[in-house]
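Take a look at the structure set out below.
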Amino acid sequence: KAGVTQTPRYLIKTRGQQVTLSCSPISGHRSVSWYQQTPGQGLQFLFEYFSETQRNKGNFPGRFSGRQFSNSRSEMNVSTLELGDSALYLCASKGQGADTEAFFGQGTRLTVV
Amino acid sequence: AQSVTQLDSHVSVSEGTPVLLRCNYSSSYSPSLFWYVQHPNKGLQLLLKYTSAATLVKGINGFEAEFKKSETSFHLTKPSAHMSDAAEYFCVVSDRGSARQLTFGSGTQLTVLP
């Protein structure tokens with residue numbers, strides 16, 4: 001079956017703009033999580049959505065937001081972009097069960113100039 | 001609260017020699033533990049997972065890890081390194097106290113020398 005799909009793969013934006021990233025989870029998975037990966041901070045949890053509801057949230061400013069649709073596809077939005085938002089943004093989907101592993105997409109590389 | 005410490009940021013081995021990547025965790029509950037690998041400009045791929053069954057876990061590509069509760073460790077090993085193993089490796093913990101949120105270690109960059 002198809003894996004987790006993230007679009008676009010690469011994005012260049014200027015400071016102050018906003019950006020929307022998309023994630024399509026594995027078919028049947030209802031949990032979608034987003035992570036930011038930078039060389040300095042490593043992998044940091046942004047938020048998790050389950051059945052269209054935000055279930056967990058990391059320690060990021062309100063400029064970072066997300067949503068999930070009824071087909072489990074998710075989007076994350078970053079407003080008023082800053083240079084420090086340049087990162088690889090990874091999406092992961094999980095199936096049912098407390099101990100199931102997360103499956104990751106290839107990520108969206110965002111560069112803010 | 002849960003946390004993960006990867007004890008080495010960089011490990012370098014020669015092809016054909018054993019690999020050991022060290023991971024210690026902290027968890028207030030019975031944790032689930034994972035190792036993921038990331039090749040350059042790629043997403044993360046699951047190598048193996050521990051979820052309170054057998055303490056010695058076998059994964060893909062010849063990797064295995066042993067869960068040692070007394071030492072709070074989950075070290076990743078492979079008997080013989082291959083050039084294609086060169087990548088970054090992440091140890092990950094989740095427990096019910098954190099609503100099963102994943103917490104990542106800082107990563108270990110593995111270099112395999114010819």
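Owing to the predicted nature of the structure, the values given are computational and were not obtained by experimental measurement. Letters go in sequence order (proteins before strands), and every chain restarts at 1.
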Taking side chain as everything from C-beta outward and backbone as N, CA, C, O, which of these in B:Gln45 sits under 4.5 Å from a heavy atom of chain A? Side chain, backbone, both or neither. neither

How long is the straight-line distance from CG of B:Leu102 back to CZ of A:Phe45, given to the nearest 0.5 Å? 8.5 Å

Under 4.5 Å between side-chain heavy atoms, hopping through other hydrophobics if needed: is there a path connecting A:Leu90 to A:Trp34? no

So if you build clusters from Ile, Leu, Val, Met, Phe, Trp, Tyr with side-chain heavy-atom gaps below 4.5 Å, do B:Val37 and B:Met83 land together? yes

Closest heavy-atom contact between B:Leu44 and A:Phe104? O-CB, 3.5 Å

Which portion of A:Ala92 sits near chain B, non-hydrogen atoms under 4.5 angstrom: neither

Same hydrophobic cluster for B:Phe63 and B:Val11, using side-chain heavy-atom links shorter than 4.5 Å among ILVMFWY? yes

Look at the side-chain heavy atoms of Ile, Leu, Val, Met, Phe, Trp and Tyr, link any pair under 4.5 Å apart, and say whether A:Tyr35 and A:Leu81 land in one connected group. no

Spacing of B:Leu47 atom CG and A:Glu101 atom CD [to the nearest 0.5 Å]: 11.5 Å

Considering only heavy atoms, which portion of B:Lys42 lies under 4.5 Å from any heavy atom of chain A: side chain, backbone, both, or neither? both

Atom CZ of A:Arg73: over 12 foreign heavy atoms under 6.0 Å: yes

Taking atom CD of B:Gln101 and atom NZ of A:Lys57, what is their separation to the nearest 0.5 Å? 11.5 Å

Could you check whether atom CD1 of A:Ile12 has more than 12 heavy atoms from other residues, nucleotides or ligands sitting under 6.0 Å from it? no

Spell out, yes or no, whether A:Leu83 and A:Leu110 are grouped together once hydrophobic residues are joined by side-chain heavy atoms under 4.5 Å, including indirect joins. yes

When rounded to the nearest 0.5 angstrom, what distance separates CD in B:Gln38 from CG in A:Leu43? 6.5 Å

Heavy-atom distances under 4.5 Å only: say whether A:Gln37 touches chain B with side chain, backbone, both or neither. side chain

